[in-house]
**Q** 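I have a structure here, written as structure tokens, and I will follow up with some questions on it.
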Amino acid sequence: MNQNTKGLKGEKSKEQLIACAARLFLEKGYNATGINEIISSAGLSKGSFYFYFSSKKDLAISVVEYYSQMKLTEVSETARNKTWEDFIEKLVDDILKTTKRGGNFGCPMAVLGMETAFLDPDIAAKNYASLKSMIGIFEDVLKRSGISQEKAAIGAERAFAIYEGYLLLYRLSKDICELEKILRDLKELYEHLK
């Protein structure tokens with residue numbers, strides 16, 4: 001096996017650990033998920049884990065980066081060249097489709113962020129930065145939709161609070177009606193900002 005093949009296999013193992021941990025942290029929680037469960041789910045050895053990560057915290061930071069990149073790319077793509085109403089309709093439609101397939105456990109950055117906020121400031125800081133980037137996307141769409149800079153900044157924070165709030169209510173209740181309220185309230189917010 002040459003160095004390139006070893007490197008690709010190693011990178012795949014690392015990505016597999018991150019993806020498995022990401023899924024488990026979102027579904028079960030950071031504290032309820034042990035390293036052995038992650039290793040077992042990834043089908044790798046304990047040695048593989050410690051080759052790539054010095055600790056569960058080290059892995060959690062990689063998970064935050066993984067989710068941040070995934071969610072920011074997804075939301076940026078959804079927002080591209082759209083006005084507010086088109087953006088939120090697509091955003092909510094995507095959430096509802098994922099939910100109906102059984103794949104919605106809430107916003108991964110908020111879920112992990114809330115659980116680790118007082119336990120680990122490094123993980124919390126990474127989550128906070130990612131969430132602020134999401135607010136920035138909301139703000140850009142509002143400005144593109146004719147809302148002034150000042151109102152767009154405040155509106156984006158409120159919009160994001162509505163978005164995250166209903167995702168949390170859905171996570172707690174498993175009632176899809178909570179997710180449907182996102183669209184209603186984000187449309188009302190936009191009308192108020194105009």
Side-chain angles (χ1 to χ4, degrees), residues 11-12 14-16 18-19 21-23 25-27 60-114 123-194:
E11 192 59 34
K12 188 165 178 69
K14 182 178 181 182
E15 290 171 5
Q16 198 169 340
I18 293 169
R23 180 181 50 78
F25 290 167
L26 184 58
E27 290 175 14
I61 289 171
S62 291
V63 166
V64 172
E65 291 166 353
Y66 166 86
Y67 272 133
S68 178
Q69 181 180 349
M70 180 192 318
K71 292 305 290 180
L72 290 173
T73 299
E74 180 183 302
V75 174
S76 291
E77 286 296 317
T78 301
R80 180 173 289 153
N81 300 320
K82 288 187 178 71
T83 60
W84 184 254
E85 287 194 7
D86 291 337
F87 165 62
I88 61 171
E89 284 176 7
K90 174 81 169 111
L91 185 69
V92 173
D93 186 53
D94 290 347
I95 291 169
L96 292 172
K97 284 178 182 172
T98 300
T99 302
K100 289 173 183 172
R101 289 191 312 263
N104 189 345
F105 298 94
C107 173
M109 295 164 311
V111 169
L112 187 56
M114 284 187 289
I123 299 171
K126 287 265 187 195
N127 278 301
Y128 181 73
S130 297
L131 294 175
K132 291 298 276 186
S133 294
M134 291 273 286
I135 292 169
I137 295 168
F138 281 42
E139 183 178 342
D140 289 343
V141 176
L142 284 169
K143 288 189 291 192
R144 187 167 48 248
S145 301
I147 304 300
S148 71
Q149 170 69 43
E150 183 181 328
K151 284 185 175 182
I154 293 167
E157 290 175 348
R158 289 179 182 162
F160 193 70
I162 290 167
Y163 169 81
E164 285 295 343
Y166 284 123
L167 286 174
L168 174 61
L169 289 173
Y170 170 75
R171 183 173 169 91
L172 295 172
S173 68
K174 309 300 181 284
D175 182 353
I176 202 165
C177 292
E178 297 297 347
L179 297 175
E180 292 167 348
K181 293 174 188 176
I182 297 171
L183 185 61
R184 176 198 69 196
D185 287 4
L186 291 182
K187 281 185 176 185
E188 284 179 15
L189 174 68
Y190 178 68
E191 289 302 317
H192 178 73
L193 291 171
K194 287 199 296 188

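Along the sequence shown, the residues carry numbers beginning at 1. All values below were derived from every heavy atom in this structure, side-chain atoms included, with hydrogens, water molecules and symmetry-related copies excluded.
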**Q** Taking everything shown except Phe105 itself, do over 12 heavy atoms lie less than 6.0 Å from its CZ?
**A** yes

**Q** Shortest non-hydrogen contact from Cys107 to Leu131?
**A** SG-CD2, 4.2 Å

**Q** Using atom types as modelled and distance alone, determine if a side-chain donor or acceptor of Tyr163 lies under 3.5 Å from a backbone N or O of Ile182.
**A** no

**Q** Mind listing the closest non-hydrogen atom pair of Gly155 and Leu142 along with its distance?
**A** C-CD1, 3.7 Å

**Q** Where the side chain of Ser145 meets the backbone of Trp84, is there a donor-acceptor pair that is under 3.5 Å apart?
**A** yes

**Q** Less than 4.5 Å apart, side chain to side chain, heavy atoms only: is that true for Glu15 and Ile18?
**A** no

**Q** When you check the side-chain N and O atoms of Ser68 and Ser130, is any donor under 3.5 Å from an acceptor?
**A** yes

**Q** Quick one: pull up CE in Met134 and CZ in Phe160 and give me the separation to the nearest 0.5 Å.
**A** 5.0 Å

**Q** Any side-chain heavy-atom pair from Lys151 and Lys194 closer than 4.5 angstrom?
**A** no

**Q** Answer yes when Asp140 and Arg144 have at least one side-chain N-carboxylate O distance shorter than 4.0 Å, and no when they do not.
**A** no

**Q** Charged N to carboxylate O under 4.0 angstrom, Glu178 versus Lys181?
**A** yes

**Q** Name the one of Glu85, His192, Glu89 that satisfies side chain to side chain donor-acceptor pair (under 3.5 Å) with Lys187?
**A** Glu89

**Q** Between Arg171 and Tyr166, does any side-chain donor sit less than 3.5 Å from a side-chain acceptor?
**A** no

**Q** Distance from Leu91 atom CG to Ile137 atom CD1, nearest 0.5 Å?
**A** 10.0 Å

**Q** Any heavy-atom pair between the side chains of Phe138 and Phe87 that's under 4.5 Å?
**A** yes

**Q** Does atom CD (Gln69) have a neighbourhood of more than 12 heavy atoms from anything else shown, all under 6.0 Å?
**A** no

**Q** Is any side-chain heavy atom of Ile88 less than 4.5 Å from a side-chain heavy atom of Lys82?
**A** no

**Q** Hey, are Lys90 and Asp94 close enough for a salt bridge, meaning a charged N less than 4.0 Å from a carboxylate O?
**A** yes

**Q** First locate atom NZ of Lys143, then atom CD of Glu139, and finally report the distance between them rounded to the nearest 0.5 Å.
**A** 4.5 Å

**Q** To the closest 0.5 Å, what do you measure between CD1 (Ile135) and NZ (Lys132)?
**A** 4.5 Å

**Q** Determine, stepwise, if the pair Thr99 / Tyr170 fulfils side chain to side chain contact (heavy atoms under 4.5 Å, CB included).
**A** CA-CA 10 Å; Thr99 302; Tyr170 170 75; 3.2 Å; yes

**Q** Under a 4.0 Å N-O cut-off, is there an ion pair linking Lys126 with Glu65?
**A** yes

**Q** Any heavy-atom pair between the side chains of Leu179 and Val92 that's under 4.5 Å?
**A** no

**Q** Kindly give the heavy-atom pair with the smallest separation between Tyr66 and Ala19, and that separation in Å.
**A** OH-CB, 4.0 Å

**Q** Does the pair Val141 and Thr83 meet the rule for a side chain to side chain contact (heavy atoms under 4.5 Å, CB included), with working shown?
**A** CA-CA 6 Å; Val141 176; Thr83 60; 5.9 Å; no

**Q** To the nearest 0.5 angstrom, please state how far the CG atom of Asn81 sits from the CG atom of Asp86.
**A** 11.0 Å

**Q** I need the Leu186 CG to Glu188 CD distance, nearest 0.5 Å.
**A** 9.5 Å

**Q** What do you reckon, is CD of Glu150 surrounded by more than 12 foreign heavy atoms closer than 6.0 Å?
**A** no

**Q** Can you find a pair of side-chain heavy atoms, one from Met114 and one from Asn127, that are under 4.5 Å apart?
**A** no

